Every structure is written in structure tokens, then in C-alpha cells.
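Everything numeric here is computed off the predicted structure, so don't read it as measured data. The chains referred to below are lettered A, B, ... by the order of the sequence lines, with proteins before strands, and numbering in each begins at 1.
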Amino acid sequence: MADEDDLPEQLRIRREKRAAILSRGGEPYPVSVPRTTSLLEIRNKHKELPIDVATGIIESVTGRVIFKRDTGKLCFANLREGDGTELQAMFSLDKIGDAQLEIWKSEIDLGDIVSVTGEVITSKRGELSILANSFMLAAKSLRPLPVEHKPLSEESRVRMRYVDLIVRPEARSNARLRPAVMKSLRQTFSSRDFLEVETPMLQVMHGGAAARPFKTFSNAYEMDLFLRIAPELYLKRCVVGGLEKVFEINRNFRNEGADSSHSPEFAMIETYEAYGDWHTMAQLTKNLVQDAAKAVFGSHKVKHHDGRELDLGGDWNQISLFEAISKAVGEKVTGESSIDELKKIATKLGIKLDPKWIKGKIAEEIFEHTAIKTLTAPTFVMGFPIDTSPLVRAHRDTPGVAEKWDLYVEGFELATGYSELIDPVIQRERLVEQAKLGASGDLEAMGLDEDFLKAMEHGMPPMGGMGMGVDRLLMALTGLGIRETILFPLVKPTAGDE
RNA sequence: GGGCCUUUAGCUCAGUCGGUAGAGCAACGGACUUUUAAUCCGUGGGUCGUCGGUUCGAUCCCGACAGGGCCCA
């Protein structure tokens, strides 16, 4: 810690107050304090009290001091508890005496957590209050709170989320929104008899998605390990073993760029359903999203923080990826179009071609370039190129295309669903192809997971699979950036951090 | 990875055409028994992100680095 003399004034003074409390035999951090009820309960119980009433009811409450108005012989403070509920506390000379009033004024600062015991009353202005008979410091704050009335900078909110939660109502509601959505997702799965499983996050071989992994090292096993980029290959092993309907909600890690819609660690749902296919998965996905909207907002129409409304109700549009491309570029493009045709179209659109891109990648780039921004309402984009979907079954009718959809909401990808590839021989061919791409420098290519192939060779039932970003779901529901949906997004330490 | 912007008191921000800085809230001292962003009087608080360069003199101009943001790849 910094030298006591070097501390900024306000930090030094609070440390001195803590020391002063100790030296007069007080306790700045007691093991417990009186508390008979919550601020919320008092507010609920005494909703309609008229002005200037004494109820005769004595309670002990706790809260953080967020406003303090010290007058000569009658002091006022606003206490706030975790959910944001506030209650006024009053300290009068004739109730607590000169010595205690002096302690209240001099030792208690904004930001301190206190316990107040007294009568529930309303003030002469009608404010519901607790009129103290006694009070006790519950925890001394050694740092000042930021100004309540000016918003914290974006960066401070993220770096000191605990402060953000104290001062900003939206921070509190966002923090509670996420668990509400989680609960809803689990209920939707549970009502359809899906089992929640937990599969490894530390993996010997990363796979299940196209992404660069984080690498780490196990001392005990003396081997490199990867943080998972997706749970897919383990969830499929579950289905081989007869856990026919499974889901997992947990973190994945991708060693890639971070921006307003990407975080290096992010929560994801993955689910697999034996005897389902990409259509049943689309239905399930819609149910998950609509149930979550209903659980959180009471409606399929969700209200974004900036006031915009988004209707997630009803049936959702389905468009074909290649039809959308064809319409956008004015000529017929299919899964069988040659790579040269696609390159020509891409160049015409001004897309910078990466020579490493395979055919399907170019088609996807064209799609993203032309169609994505129009997809505000929830839309399933059906039929992705087969060569970029190595774990997906070929379309039952349309050549060159896989039974894969992406769900777009608000112009970003929210979920993706498939009819899963279950032929272990074709799967091996696809993964060998991936391994070749990896060897030729594609850092996102999957490895050849022999154990997974071995599991598949035992017979995997026909099934549908789906993955959905939980952070993205919250973004779709609220319109917030990803860093607002995550309590503690990764931030670089600053040089001046104490 | 490239370009542009940004970093000043505890917080949110002004400002200095180069002469070491201000406001509001917060803090400290005082007055006030019905305040609620209380009010009134008074006071203190800053390595102006870091390190270099130019200059008589740099918070300001230039460069590098670090943090943050936006756009592009």
C-alpha cells in the first residue's frame, strides 16, 4: 500500500477516522449489527402513511449512506440497500443525545454502511423514515463514492463494477436481468425434459467451432491443454451414450479480438436432441428466446434501454442464404457456384479477398456484406455452405449446402442450429480436411479428435444441435453492449493501479 | 495490424494562442430540530497518464510508451 502521507486527502481522512474509532474503543468493522428487517419490507409495509406519523414500531435496518444532510440538532441520511431500495434515517438530539449525534456527524461518511435502530415514522414532509434511537457503524468505507448525479465514465463502470452497482440503477437491474434469463432458459429446457450436463473446459484437443483457442499447460499431466472454444464434441458423446436431450450453459474461451459484441470469454448455450433436426432446433430456439423475453419483460415485445422496441413474438422469418445472396447481387448463386464465380461477385462488391478463404467462406462474406444489416427482426438464415460446416450434415435435397441455419436479430448472429452429421466415415473425412487446413496455417481449423470419432463410430442417433450466445441473447433483449451484460468483462490493468 | 480521437482534484468535466491550473459535487472547519442533489460562511486538495525532446520556461508543441474510445482490416 502507498505511504500514508502520499494518499489523496479524502482517503487519508477516512483512514484517520477508522483509526480514531478504534482508539476510542469503537468498532469500524463489527462482526454483526442489529437488523430486524429490510428497507424494502419497511417500504412495503408502510406504503400509505400520512404526513408526520409515529407508528410506534421499532425496527433495526441496515444500508449504505448515500446522502447525508447534517443540520444542527436533527440530521437526515438516505440509506440504500443492494436492490436500490432507499429509506431516510433521522437522528435527533433529543433521541440519541449530544455525544451520539456528534459521532454521527463526524465519524460517518457517505459510502459507510450503517445499522439504525428506531421508530418507523413519516417526517413533516411525509418522507417515510426511521427515527434513530441508536445507530452503529457496520462497515467504514475508506474511499469516497463518486458523484451520484453525474454518470460514471464507461471505463470506471467496467473497472469498478461494485461502485457502478452502488450508484447506477441500470447496473443493478442489468445484473439481475442475467440470472433471470438464465433461470428462464433452464426452465424452458427442463419443461422439455432436457438434461443439464457439464463437460470439460480444459481440453486436450480443441474443437467444435472455428476459433483460435487459449493454450495452457498442466503441470500434473505435463501436457499442453486448451480452454474450450465449444462443448459440442463432448455433448455429442453424451448423446452417443444415451443422454438423448442435453444442454449446457457455460463459458467458452476464444483467443480473438474483443469489441462491442465480442468478449474473449463468453457464456453459451449448446443443446443436442436425438431424433430432432435443424427444424426442431429452430423451434426450440424460438421458445427459449420468447420464454426469456416473457420472463424478463412479461411480453414478447422487449423494450431496449434506449427506448426502442423489438418484437420477438410470433413466427420468425426464414430466408435461404443463397437465395438472399442471389437477390442481393442480381444473379443466381447456389451452393454449387464455382469459387471463381464467387470471387468475381465478391470483388465487384468491393470485398477484400483473403487467398486462404475457401469457397463457402467467400459465400458467407458476400452474405454478410449484402444482407446482414437488413435483418433486424428475428430471422433464420437457412442453408450454409457445406465446406465451412464440418460437423453438419449435408442438406437432404440441395447440393453444396448443409442443414445449418444462423439466427440473426438486430443485425447480429444470435444462434446457430444444425442437423448434425452422424456418419463417422464422412466426419473423419471432414476433420482430416480441417487438419490439413490447420497444417497450412488456418489457425481456426479444428484438430482431428480421434476420441470423438471413436465415440461416433459407436453409433450416434440422428439429431439436431444448437448453440446460442447468452451474452448475445441479453444484448438482443436489452440493446446493451456486451460489456454491460457481463459484470466483470476483461480489462487491462492500468499503470497507476494501487 | 492501420488510421483518428482521448487521459487534468475522490467523481464528472472546463482551461491554458507555451509563463506549473479552475467549476460542480465530494472533503475539512463553523452555523442551523423537518431535510431530501438541504442552505449559508470559511478552508484545503493536483508530479495536468509515463518517459524523453524542443525551449529561458512544457500540463499545452514534438516523439515514444501505457490505458481508454471510434473507424477500417
Side-chain angles (χ1 to χ4, degrees), chain A residues 2-3 5-17 20 49-54 63 65-80 86-98 100-102 104-112 118-119 121-132 141-160 162-164 166-169 212 256-262 346 350-357 365 368-369 443 481-484 489-498:
Chain A
D3 198 331
D5 298 333
D6 289 345
L7 283 174
E9 181 191 37
Q10 301 202 33
L11 273 57
R12 179 177 47 78
I13 287 168
R14 284 168 182 249
R15 276 169 171 74
E16 285 166 5
K17 286 186 183 180
L49 278 187
I51 288 176
D52 203 10
V53 184
V65 179
I66 50 154
F67 290 120
K68 207 163 170 263
R69 296 173 293 279
D70 291 347
T71 64
K73 300 189 178 69
L74 179 62
C75 300
F76 301 86
N78 288 22
L79 307 184
R80 179 183 290 160
E86 293 175 17
L87 188 71
Q88 177 167 274
M90 295 166 63
F91 304 83
S92 81
L93 179 67
D94 51 21
K95 288 275 178 197
I96 62 173
D98 202 38
Q100 283 298 299
L101 193 65
E102 206 34 57
W104 172 260
K105 288 190 201 176
S106 62
E107 285 183 0
I108 306 297
D109 290 309
L110 288 183
D112 290 355
E119 184 178 1
I121 64 158
T122 52
S123 73
K124 283 182 179 161
R125 294 285 172 88
E127 181 77 29
L128 185 63
S129 308
I130 185 152
L131 178 60
S141 170
L142 297 183
R143 287 173 185 270
L145 285 176
V147 181
E148 273 270 331
H149 318 287
K150 294 269 172 120
L152 267 185
S153 63
E154 293 264 345
E155 191 184 348
S156 301
R157 289 184 198 176
V158 167
R159 287 191 186 277
M160 298 192 289
Y162 40 89
V163 174
D164 190 28
I166 293 167
V167 299
R168 195 169 59 102
R212 294 178 66 173
E256 296 169 348
D259 59 33
S260 60
S261 65
H262 294 81
I351 298 170
K352 252 192 174 169
L353 287 165
D354 184 327
K356 285 205 287 284
W357 285 353
E365 289 289 332
E368 285 181 23
H369 192 263
L443 296 166
I482 197 165
R483 278 152 67 94
E484 296 292 321
L490 184 66
V491 283
K492 284 192 184 179
T494 55
D497 269 355
E498 293 168 55

When both distances are under 3.5 Å in a Watson-Crick or G-U wobble arrangement, the nucleotide paired with B:G19 is B:C56
| request: Check every strand shown and say whether A:Asp70 touches a base, only sugar-phosphate, or nothing at a heavy-atom separation below 4.0 Å. | output: base
Handout entry: Distance between P atoms of B:C65 and B:G19 (Å, rounded)
Key = 28 Å
Distance col, row A:Asp52:CG vs A:Ile121:CD1, nearest 0.5 angstrom, shows 7.5 Å
By the Watson-Crick or G-U definition, both distances under 3.5 Å, B:C25 is matched with B:G10
Quick note, A:Arg483 side chain, CB onward, closest among B:G69, B:U34, B:A38 is B:G69
* Going by heavy atoms in the side chains, are A:Leu101 and A:Lys105 under 4.5 Å from each other? -> yes
When rounded to the nearest 0.5 Å, the distance separating CG of A:Leu142 from CZ of A:Arg15 is 5.0 Å
Exactly one of A:Arg14, A:Gln10, A:Glu9 clears side chain to side chain contact (heavy atoms under 4.5 Å, CB included) with A:Arg12, and that residue is A:Glu9
Regarding the side chain of A:Ser92, the nearest nucleotide among B:G44, B:A73, B:U33 is B:U33
note: A:Lys150, atom NZ; B:A23, atom P; distance rounded to Å ~ 14 Å
_Same-atom distance (C1') from B:U50 to B:A58, integer angstrom_ = 15 Å
Requested in this report: Take atom P in B:U36 and the same atom in B:A26, then report the distance between them in whole Å.
Outcome: 13 Å
Task: Distance below 4.0 Å between A:Lys492 side-chain N/O and B:G67 OP1 or OP2 - done: yes
A:Leu87 CG to B:U36 C1', in whole Å, measures 12 Å
Out of B:G44, B:A27, B:A37, minimum distance to the side chain of A:Leu110 belongs to B:A27
Rounded to whole Å, CD of A:Glu102 lies from P of B:U33 at a distance of 13 Å
Comparing A:Pro151 with A:Lys124, nearest RNA chain B nucleotide closer to 5' gives the residue A:Pro151
Of A:Ser129 and A:Ser156, the one whose nearest nucleotide on RNA chain B sits closer to the 5' end is A:Ser156
From CG of A:Leu7 across to P of B:G44 the rounded distance in Å is 21 Å
When both distances are under 3.5 Å in a Watson-Crick or G-U wobble arrangement, the nucleotide paired with B:U39 is B:A31
If the cut-off is 4.0 Å, is A:Lys17 near the phosphate of B:C28, judged by side-chain N/O to OP1 or OP2? yes
To the nearest angstrom, the NZ-P distance between A:Lys73 and B:U33 comes to 4 Å
A:Gln10 has its side chain closest, among B:U36, B:A26, B:G67, to B:A26
- prompt: What is the nucleic acid contact for A:Glu148, judged by heavy atoms within less than 4.0 Å: base, sugar-phosphate only, or nothing?
  reply: nothing
With sugar-phosphate meaning primed atoms plus P, OP1 and OP2, does A:Ser153 contact a base, only sugar-phosphate, or nothing at under 4.0 Å between heavy atoms? sugar-phosphate
In whole angstroms, the gap separating C1' of B:C13 from NE2 of A:His149 amounts to 16 Å
Open item on the list: Taking B:A23 as the reference, what is the distance to B:A14 when you measure between their P atoms (whole Å, please)?
Closed with: 16 Å
Picking from B:G68, B:U12, B:U33, the nucleotide nearest the side-chain atoms of A:Leu93 would be B:U33
Practice problem: Determine, for A:Glu107 against A:Lys17, whether the closest basic-nitrogen to carboxylate-oxygen distance falls under 4.0 angstrom. | Solution: no
Q. Is A:Lys68 salt-bridged to A:Asp70, going by a charged N under 4.0 Å from an acidic O?
A. yes
Considering only heavy side-chain atoms of A:Arg69, the closest of B:C32, B:U36, B:C25 is B:U36
Item to check | Atom C1', compared across B:U59 and B:G46: separation rounded to whole Å | outcome: 11 Å
Rounded to whole angstrom, note down the P distance from B:G15 over to B:U7.
-> 10 Å
If I pick the P atom on B:G57 and the same atom on B:C70, what distance separates them, to the nearest angstrom? 40 Å
With the side chain defined as heavy atoms from C-beta on, A:Glu9 is closest, among B:A27, B:A73, B:G44, to B:G44
Pairing partner of B:A64, by Watson-Crick or G-U wobble and under 3.5 Å for both distances, is B:U50
Original post:
Considering only the P atoms, how many Å lie between B:G22 and B:U47, rounded to the nearest integer?
Top reply: 16 Å
Closest to the side chain of A:Val147, out of B:A38, B:C11, B:C28, is B:C11
In this structure, CD1 of A:Ile66 is separated from CG of A:Asn78 (nearest 0.5 Å) by 5.0 Å
note: A:Arg143, atom CZ; B:C11, atom P; distance rounded to Å ~ 9 Å
A:Asp109 has its side chain closest, among B:U34, B:A38, B:C28, to B:C28
Checking B:G10, B:G67, B:U12 against the side chain of A:Pro8 (C-beta onward), the nearest is B:G10
Whole-Å distance, A:Arg157 CZ to B:U12 P, equals 10 Å
Does A:Arg80 come within less than 4.0 Å of A:Glu148, counting only side-chain N to carboxylate O? yes
As its Watson-Crick or G-U partner within any shown strand, both distances under 3.5 Å, B:C70 has B:G3
